[in-house]
Amino acid sequence: MNETPRAEPVRVLLAEDQGMMRGALALLLGMEDDLEVVAQVSTGDAIVAAALEHRPDVALLDIELPGMSGLDAAAELRVRVPGCRVLILTTFGRPGYLRRAMEAGAAGFLVKDGPVEELAAAIRRVLAGESVVDPTLATAALSAGPSPLTPRECDVLRGSADGATVADIAARLQLSESTVRNYLSSVIGKTHTRNRTEALREARHQGWL
């Protein structure tokens with residue numbers, strides 16, 4: 001039995017910081033008869049406001065955006081705009097990202113190098129209530145296991161970026177310097193690295209941050 005077709009096109013919000021990529025995706029998706037890109041944003045901080053204004057059916061979110069990440073925005077959309085399905089679209093197929101995306105309530109996770117026909121099909125599938133995940137990435141995520149880092153260890157490790165000192169991190173997170181050192185030591189041990197710079201690089205590579 002055939003499903004009754006939607007009377008209106010699927011409303012899509014697109015969040016991508018690279019202008020050329022964003023424009024190309026909007027153009028290609030707009031060529032699909034049943035899809036309409038109703039909003040385009042270039043920063044994570046603009047996602048929720050745009051979704052509240054335009055009420056998209058599906059939000060396509062990049063992960064690494066200026067301001068709020070696509071993963072954090074996905075979690076906020078789940079609360080603020082629960083009728084909007086989220087599809088994460090990223091250049092970085094990192095196992096840790098997939099786990100975090102699913103925890104944030106995303107309905108799908110695809111890498112950007114696939115054909116637009118697959119993306120259009122994925123939009124229709126998540127709107128129909130399915131979950132859509134790149135199969136290669138799903139296999140890698142299962143074999144990699146969950147992140148070994150606690151939320152507080154992640155906070156401290158993020159705070160160590162850009163040459164921040166232990167004192168800087170302690171002040172920013174309202175922790176003692178000895179506590180910060182303990183967290184950093186734990187992170188270095190869990191990532192099997194030699195220092196916090198290597199630990200930060202490894203955690204980002206795994207998609208734990």
Side-chain angles (χ1 to χ4, degrees), residues 15-18 43-45 47-48 59-79 86-114 122 126 131-209:
E16 163 65 55
D17 62 329
Q18 297 183 29
T43 67
D45 296 337
I47 290 171
V48 174
L60 292 182
L61 309 182
D62 191 9
I63 290 180
E64 298 193 352
L65 294 166
M68 181 183 291
S69 76
L71 296 176
D72 290 336
E76 192 165 338
L77 283 175
R78 180 171 57 178
V79 176
V86 173
L87 185 59
I88 298 294
L89 188 64
T90 182
T91 304
F92 305 103
R94 295 169 181 166
Y97 279 167
L98 173 57
R99 286 182 175 274
R100 290 169 60 199
M102 297 299 105
E103 290 169 359
F109 193 107
L110 297 174
V111 291
K112 290 180 183 177
D113 59 1
V126 298
S131 294
V132 181
V133 177
D134 179 272
T136 302
L137 186 59
T139 301
L142 288 172
S143 63
S147 168
L149 306 181
T150 67
R152 204 52 167 159
E153 286 171 345
C154 288
D155 289 341
V156 170
L157 192 55
R158 286 191 195 96
S160 72
D162 303 322
T165 66
V166 169
D168 293 334
I169 302 168
R172 191 177 304 145
L173 298 178
Q174 297 183 322
L175 299 170
S176 70
E177 293 186 25
S178 62
T179 298
V180 169
R181 290 191 184 93
N182 288 339
Y183 277 129
L184 289 173
S185 177
S186 176
V187 166
I188 290 167
K190 288 180 178 180
T191 55
H192 307 291
T193 53
R194 295 174 296 181
N195 53 56
R196 61 179 182 169
T197 301
E198 289 184 3
L200 181 63
R201 186 183 305 118
E202 176 64 15
R204 284 176 169 167
H205 174 73
Q206 294 292 340
W208 296 335
L209 294 182

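Just the heavy atoms: all of them, side chains too, but no hydrogens, waters or symmetry mates, feed the values below. Numbering starts at 1 and runs along the sequence shown.
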Determine the minimum heavy-atom distance between Arg196 and Ile188, stating which atoms define it. N-CD1, 3.6 Å

Residues forming a side-chain hydrogen bond (donor to acceptor under 3.5 Å, both in side chains) with Asp168, sequence neighbours excluded: Thr165

Tell me whether Asn195 contacts the main-chain N or O of Glu198 through its side chain, where contact means a donor paired with an acceptor under 3.5 Å. yes

Between the OG1 atom in Thr90 and the CG atom in Asp134, the distance rounded to the nearest 0.5 Å is 11.0 Å

Determine, stepwise, if the pair Leu87 / Leu61 fulfils side-chain contact (heavy atoms from CB on, under 4.5 Å). CA-CA 6 Å; Leu87 185 59; Leu61 309 182; over 6 Å; no

Inter-residue atom distance Ser160.OG - Leu184.CG, 0.5 Å rounding: 6.0 Å

Working to the nearest 0.5 angstrom, can you tell me the gap between Leu98 CG and Leu110 CG? 10.5 Å

Are the side chain of Asp45 and the backbone of Met68 linked by a donor-acceptor contact shorter than 3.5 Å? yes

With sequence neighbours excluded, give me every salt bridge (Lys or Arg N to Asp or Glu O under 4.0 Å) pair touching residues 152-167. Arg152-Asp155, Glu153-Lys190, Asp155-Arg158

Is any side-chain heavy atom of Ile169 closer than 4.5 Å to a side-chain heavy atom of Tyr183? no

Applying side-chain hydrogen bond (donor to acceptor under 3.5 Å, both in side chains) to Asp72 and not counting sequence neighbours gives Ser69

Just wondering, do Val156 and Val180 contact through their side chains at under 4.5 Å, heavy atoms? yes

Apply side-chain contact (heavy atoms from CB on, under 4.5 Å) to Arg100 and Ile63, showing your working. CA-CA 11 Å; Arg100 290 169 60 199; Ile63 290 180; over 6 Å; no

Nearest atoms (heavy-atom pairs only) where Leu65 meets Gly44: CB-N, 3.7 Å

How about Pro148 and Trp208: do any of their side-chain heavy atoms sit closer than 4.5 Å? yes

Who are the side-chain contact (heavy atoms from CB on, under 4.5 Å) partners of Gln18, not counting sequence neighbours? Glu16, Met21

Under the side-chain hydrogen bond (donor to acceptor under 3.5 Å, both in side chains) test, which residues partner Glu103, sequence neighbours left out? none

Sorted by first residue and then second, give each salt bridge (Lys or Arg N to Asp or Glu O under 4.0 Å) pair with at least one member in residues 169-180; sequence neighbours left out. Glu177-Arg181

Let's go through Leu157 and Val187 carefully: what are the C-alpha distance in whole Å and the side-chain angles of both, what is the deciding distance for side-chain contact (heavy atoms from CB on, under 4.5 Å) to 0.1 Å, and is it a yes or a no? CA-CA 8 Å; Leu157 192 55; Val187 166; 3.7 Å; yes

Would you list the pairs meeting salt bridge (Lys or Arg N to Asp or Glu O under 4.0 Å) in which at least one residue belongs to residues 200-209, sequence neighbours left out? none

Here the pair of heavy atoms bringing Gly159 nearest to Ala164 is O-CB, 3.1 Å

Leu77 and Val48, any side-chain heavy atoms less than 4.5 Å apart: yes

Across all chains, not counting sequence neighbours, the side-chain contact (heavy atoms from CB on, under 4.5 Å) partners of Ala106 are Val86, Ile88, Ala101, Met102

Any donor and acceptor pair, going by atom type alone, linking the side chain of Ser185 with main-chain N or O of Asn182 inside 3.5 Å? no

Can you name the side-chain hydrogen bond (donor to acceptor under 3.5 Å, both in side chains) partners of Thr193, sequence neighbours left out? Thr191

